[in-house]
Amino acid sequence: MKHQSKLPNIGTTIFSVMSALANEHSAINLSQGFPNYPSPQKLNDLVAKAMDNGYNQYAPMAGNLDLRLAITNKYNLLYKSNYHPETEITVTAGATQAIYTIISAFVKQGDEVIIFKPAYDCYQPAIEVNGGKTIPIQLSAPGYKVNWDEVASKLSSKTKMMIINTPHNPSGTIWSEDDMLQLEKLTKNTNIIVLSDEVYEHIVFDGEQHHSICKFPELKSRSFITASFGKTFHNTGWKIGYCCAPKDLMAEFRKVHQFNVFSVNHPAQKGIADYMTDTNTYLGLNDFFQQKRDLFLNLISDSRFKFTPSKGTYFQVLDYSEITDEHDVDFAKRLTKEFKIASIPLSVFNENGTDDKVLRFCFAKTNETLVKASEILKRI
Ligand code: PMP
Ligand code: GLN
């Protein structure tokens, strides 16, 4: 049988590639972003309780209502922004499904979607499988600052959507309030939909603030926010996330969502809803991860890697240009095989595989693992 691939240039995601290589070589795995410590016991217990209490059949299509109410409360508390639980919030199978479904619901053949590179790797294939055209804007290490005149020059009558991501994976940078205001100015009086990927909203360091798109009313009116409980509650394997948007946009989203997954794991949703009634469960994350970032960076301060401390996310980018001029993919693979430490090369997220000689390390790990990893990094 012959068929023409809809994604001829797409191979296996780098996260699977590097985790498999780490396992094969028994390397410390700081590549794919996931914690190596347990999901909170209290949350696990609440999910088990939800199963015992009968939350074992389909959740409502838009998500368990207690969870949607907990999400509404969070946006009111943190950003003084209201999303109606009935019509403006949908629970999804991780942020990945939310992102895919948003793109499928709106992007048609020939539509242009602007993304900033390095870009998280699920955006571009979702655009292209739906017939859209990716318009990349390449940002450069180490600051990954946006040139807003360049963004203005990339807008056209075909621009359907822009995808933004702050705090940013893989660079660990965050957008300023000014960036958001520039975005607001550029999109005003257009029909552009903004997909704001905010999965790391609770992981921002050094007293800085997360500028959620919902704090900017004009932007909010054209935007989806995507979020991931896997990131916030240390259980990426549960694959529960959600998205929020004004009612008219969410109605279109749900037309696809209902046939894409219909609804997602019910006991996990109910357990998370109950767990979130204590806001400390997510408000303490900044400090928790800042301690890990600082521990990791102090431990490697006299290594040959150079760095700007991550401003958000649980990733730290390290510049290895003083060590070798190998391509970052080759170097990441060699470190895994020879030094038994796995990381993610940033070039795979760049336009044309541009290599800035930087690797991404995940510090969502036990302190013991971070100490062991640093001992290796200091030998390189
Ligand atoms: N967006 C970004 C920027 C991510 O890093 C991730 C990975 N966690 C996702 C989306 C997907 O999140 P989830 O695991 O909830 O699907
Ligand atoms: N978001 C995770 C990361 O950036 C990976 C998720 C995945 O493996 N798809 O490492």
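First listed ligand is number 1; within each ligand, the first listed atom is number 1.
- In this structure, K255 fails the cation-pi test against F259, since its NZ or CZ atom is not both closer than 6.0 Å to the six-membered ring centre and inside 45 degrees of the ring normal.
- Backbone and side-chain nitrogen or oxygen atoms of G33 are examined, and one is located within less than 3.5 angstrom of a nitrogen or oxygen of ligand 2.
- Counting only non-hydrogen atoms, the option in D197, T232, I240, V199 that gets closest to atom 1 (N) of ligand 1 is D197.
- Regarding atom 11 (C) of ligand 1, its nearest protein heavy-atom neighbour is T96 OG1, 3.3 Å.
- Not a single heavy atom of F229 sits closer than 4.0 Å to an atom of ligand 1.
- Side-chain contact annotation: Y275 with K42, donor-acceptor N/O pair under 3.5 Å absent.
- Ion pairing of D66 with R68 is absent here, as no side-chain N (NZ or NE/NH1/NH2) approaches a carboxylate O to less than 4.0 Å.
- Using a 30° and 60° split on the angle between ring planes, F331 and Y320 fall in the tilted class, from 30° to 60°.
- Heavy atoms of M18 found under 4.0 angstrom from ligand 2: none, in either backbone or side chain.
- In this structure, the protein non-hydrogen atom closest to atom 5 (O) of ligand 1 is Y200 OH, 2.6 Å.
- Among all non-hydrogen protein atoms, the one lying nearest atom 8 (O) of ligand 2 is Q32 NE2, 2.6 Å.
- Follow the hydrophobic side-chain contacts under 4.5 Å out from I135 and you reach Y144 in the same cluster.
- At least one heavy atom of N169 sits less than 4.0 Å from an atom of ligand 2.
- Looking at N165 next to ligand 1, no N or O pair under 3.5 Å apart turns up.
- The ring of F288 has its center closer than 6.0 angstrom to the ring center of H234.
- Contact annotation: for K231 versus ligand 2, heavy atoms closer than 4.0 Å belong to the side chain alone.
- Atoms of ligand 1 lying under 4.0 Å from any heavy atom of N169, numbered from 1 in the order shown and given with element: 3 (C), 4 (C), 5 (O).
- The closest approach between a heavy atom of T236 and any atom of ligand 1 is not below 4.0 Å.
- Under the 30°/60° scheme for interplanar angles, the aromatic rings of Y55 and H266 are found to stand perpendicular.
- Relative to the ring axis of Y123, K117 does not place its NZ or CZ within 45° and under 6.0 Å from the centre.
- For Y120, the closest heavy-atom approach to ligand 2 falls below 4.0 Å.
- Figure legend: cation-pi geometry between K239 and F229 absent, as NZ or CZ is not positioned both under 6.0 Å from the six-membered ring centre and within 45° of its axis.
- Checking only distances, Y123 never comes within under 3.5 Å of ligand 1, N or O to N or O.
- Atom numbering of ligand 2 starts at 1 in the shown order; those under 4.0 Å from a heavy atom of F315 are 3 (C), 4 (O), 10 (O).
- Counting heavy atoms under 4.0 Å from ligand 2, residue F34 does not touch it at all.
- Residue nearest to atom 9 (C) of ligand 1, selected from Y100, F34, Y120: Y120 (by heavy-atom distance).
- Salt bridge present: D206 and K311 bring a charged side-chain N and a carboxylate O closer than 4.0 Å.
- Using a cut-off of 4.0 Å between Lys/Arg side-chain N and Asp/Glu carboxylate O, E184 and K188 are scored as not salt-bridged.
- Near K239, with a cut-off below 4.0 Å to any heavy atom, the atoms of ligand 1 are 13 (P), 14 (O), 16 (O).
- Comment: D274 engages K270 in a salt bridge, judged by a side-chain N to carboxylate O separation of less than 4.0 angstrom.
- Numbered from 1 in the order shown, with element, the atoms of ligand 1 that lie under 4.0 Å from a heavy atom of S228 read 12 (O), 13 (P), 15 (O).
- Taking the charged nitrogens against the carboxylate oxygens, E150 and K154 do have a contact shorter than 4.0 Å, which makes a salt bridge.
- Counting atoms of ligand 1 from 1 in the listed order, those under 4.0 Å from a heavy atom of A95 are 10 (C), 11 (C), 12 (O), 13 (P), 15 (O), 16 (O).
- The protein atom (non-hydrogen) at minimum distance from atom 8 (N) of ligand 1 is K231 CE, 2.3 Å.
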